[in-house]
Every structure is written in C-alpha cells, then in structure tokens.
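Everything below concerns the one structure shown next.
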Amino acid sequence: MKEHPQLTFIGAGNMARAILGGLIANGYPANRLAATAPAEQELKEAADAFGIPTSTDNQTFMADCDALILCVKPQVMQAVCEGLADAVQQRRPLIVSIAAGVSCEQIEAWLGGDLPVVRCMPNTPAQVHLGASGLYANPRVSEAQREIADNLFSAVGIVAWTSKQEDIHTVTALSGSGPAYCFMFMEAMEEAAASLGLNPASARTLAIQTMRGAAELATRSEESPAQLKKRVMSPGGTTEQAIKSFEEQDMKAMVKTAIRKAWGRSYELSGERAPE
Ligand SMILES: NC(=O)C1=CN([C@@H]2O[C@H](COP(=O)(O)OP(=O)(O)OC[C@H]3O[C@@H](n4cnc5c(N)ncnc54)[C@H](OP(=O)(O)O)[C@@H]3O)[C@@H](O)[C@H]2O)C=CC1
Ligand SMILES: O=C(O)[C@@H]1CCC=N1
C-alpha cells in the first residue's frame, strides 16, 4: 500500500466535508483525495475549501481509487452503489460506508459482492475534530485496509472498533445520534434560565459552556461521571435539589427508552429485527 492511499468520497455533504477537513488539517495531500456529488455548488465549496479535485460524475475517480468512502444518505445508497458496481469490481478498493442502518452485506451485494467493507458510524462533532466514530470491518478487510479506515476517522476524533456488526446499532443510538441529545439538554437549560429572567444570550452562552466544561472535565478526570456529579452536589445545597427532581422523574429511564428507540430504528432501517 502506498504511503497516502487514494481516497474517493462519494457525496460531499456535512459528514464528507468534516472528514475531508480533518484529513487536510492533518497534512493529507489534497491530490490524494477526491469527491463527487450531483450539485456543482457543493463541489465548488469543497474544492475551494480543500483544494481537492471534484466531479459530478461518480465514476471519475475510480481508476486509481484505494478506498471508496460512501457518504450519501441511506435512501440513495443502493442506486449509488449499483451505478459504481462495474468500476468497483474492476478496481476492488476498500469500501467504507458511513450511512446509518445500511449493512456491510447490503453494500457488498449492491456493489457486486466479495468486497472488503468497513461500516462506520461517525457523528457531527467531527466537524470540529471532536468526533466519536464506531467502526466494524467485515472479514475481507485486511490489516492495511483497517489502518486506512482508522486513519480516516482518527483525523476527526476518536475511533472505537466493534467486533460485532450489530454493535453499530448501539453506537448509532449512543454517539451517532447523541449530539442531538446534548443539544436538546442545552436547549432545555437555556429555556429554563431564560424563564427565570436571565437574558437569553447569557442563558445560551452559560448553558453551552457548562456542557463543554463538564465534557472536558470528564475527559481529563480519572473519576467516573457519577463521581464527578457527586462532587458538584454539596450536602443540603442547590444541585442536590435538581438531581433529586431528575431522579423523581426517572431521567435515566427516559434516556434508556430514547436510546432504545434510536437503536430499534437503526435495526428497522437495515431491514433487520432488533433482539427482544
Ligand atoms: N448527520 C449526522 O449526524 C450523521 C450522518 N451519518 C450518515 O452520513 C451520511 C451523509 O450524511 P450527511 O453528510 O449529514 O448528509 P448530506 O445531505 O449533507 O450529504 C449527502 C451528500 O450526498 C450527495 N449525493 C446525493 N445523491 C448523490 C448521488 N447520487 N451521487 C453522489 N452523491 C450524492 C449530496 O449531494 P446533494 O446535496 O447535491 O444532494 C450530498 O453531497 C448519511 O448516510 C447519514 O446516515 C452518519 C453519522 C452521523
Ligand atoms: O438520525 C440519523 O439517522 C443519523 C444517524 C445518526 C445521526 N444522524
């Protein structure tokens, strides 16, 4: 394998641009990257931002492709793969898919079969290089190809490999969808503070910085989130009242139910049945 494998991105939306940005920031040569998408304007943005070659024709960068990164919506994945099947079967690159609820087996079948496929579930903080990605490799992926996929997603955050493909459903419900849960919590904190009379701009800034600081502290600390929570709770103080209120409303059960719903939907999107 060459030092910098040739990476072809199909789709140049939010996630593709986040990963491309991370690779470029890490010194990946722009001429070893390429992207395709239907809209000229989106491609121009990617070309201007990263200096990479782009095309509206998905076939353009297949001839020397070492890894094909599929960054399109799940709904168009089958048509995109079927359109690329001949070129893929000739070149046989590593296939990487970031689509929610699309299995390695589906991708492999749509591309003509017998291919190394890595299925990844990244998340949107990849845009600020603080992503969390779960990865699964099918048995045809070599060590060198696994390293290519690892380097791709390590460029935009942390990477966790799973040994079972079904764990990707859990990763989807946890860290794939998770940023939305955090944003909703910020939204709720902001609204609560504003309802108590704090000016909305300060309420937002303080809520966001609180989430950010707590996440950073939890990252750096050797203590668990549960222990860190206790450190904020002075006996007889204010936090104790809020936590007691969350417990009375069984917040953990609410989170568990929500995550199970997302997990179930991920199975449903794959056309699989979730375990009871
Ligand atoms: N958003 C998220 O939080 C996460 C998303 N994902 C997955 O990432 C994938 C991409 O999501 P995201 O980046 O948010 O979506 P976007 O809509 O931002 O990007 C999708 C890209 O695919 C392009 N596209 C559409 N049809 C074709 C085609 N026929 N050939 C080539 N390119 C095409 C779109 O072009 P155009 O705009 O012109 O249609 C666009 O550039 C999805 O499969 C999603 O499940 C995974 C983890 C998290
Ligand atoms: O909501 C979704 O389906 C995608 C997958 C994880 C985050 N966004």
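Note that ligands are numbered from 1 as they come in the structure, with each ligand's atoms numbered from 1 the same way.
Considering backbone and side-chain atoms alike, A12 places an N or O below 3.5 Å from some N or O of ligand 1. Residue-to-ligand polar distances keep P122 apart from ligand 1: every N/O pair is separated by 3.5 Å or more. By the 3.5 Å distance cut-off applied to N or O atoms, A100 is counted among the residues near ligand 1. Not a single N or O atom of N123, backbone or side chain, sits closer than 3.5 Å to an N or O atom of ligand 1. At under 3.5 Å, not a single nitrogen or oxygen of T124, backbone or side chain, sits near a nitrogen or oxygen of ligand 1.
In this structure, atom 2 (C) of ligand 2 has its sub-4.0 angstrom surroundings free of protein heavy atoms.
With hydrogens left out, the protein atom closest to atom 29 (N) of ligand 1 is V80 CG2, 3.4 Å, a heavy atom. Looking only at heavy atoms of the protein, atom 18 (O) of ligand 1 is closest to N14 N, 3.0 Å. The nearest heavy-atom contact from the protein to atom 33 (C) of ligand 1 is P38 CD, 3.3 Å. The protein heavy-atom contact nearest to atom 42 (C) of ligand 1 is V72 O, 3.3 Å. Scanning the protein for heavy atoms near atom 38 (O) of ligand 1, the closest one is A39 CB, 3.4 Å. With hydrogens left out, the protein atom closest to atom 6 (N) of ligand 1 is I98 O, 3.7 Å, a heavy atom. Atom 40 (C) of ligand 1 has its closest protein heavy atom at E42 OE1, 3.4 Å.
Atom CZ of R146 has more than 12 heavy atoms from other residues, nucleotides or ligands within 6.0 Å.
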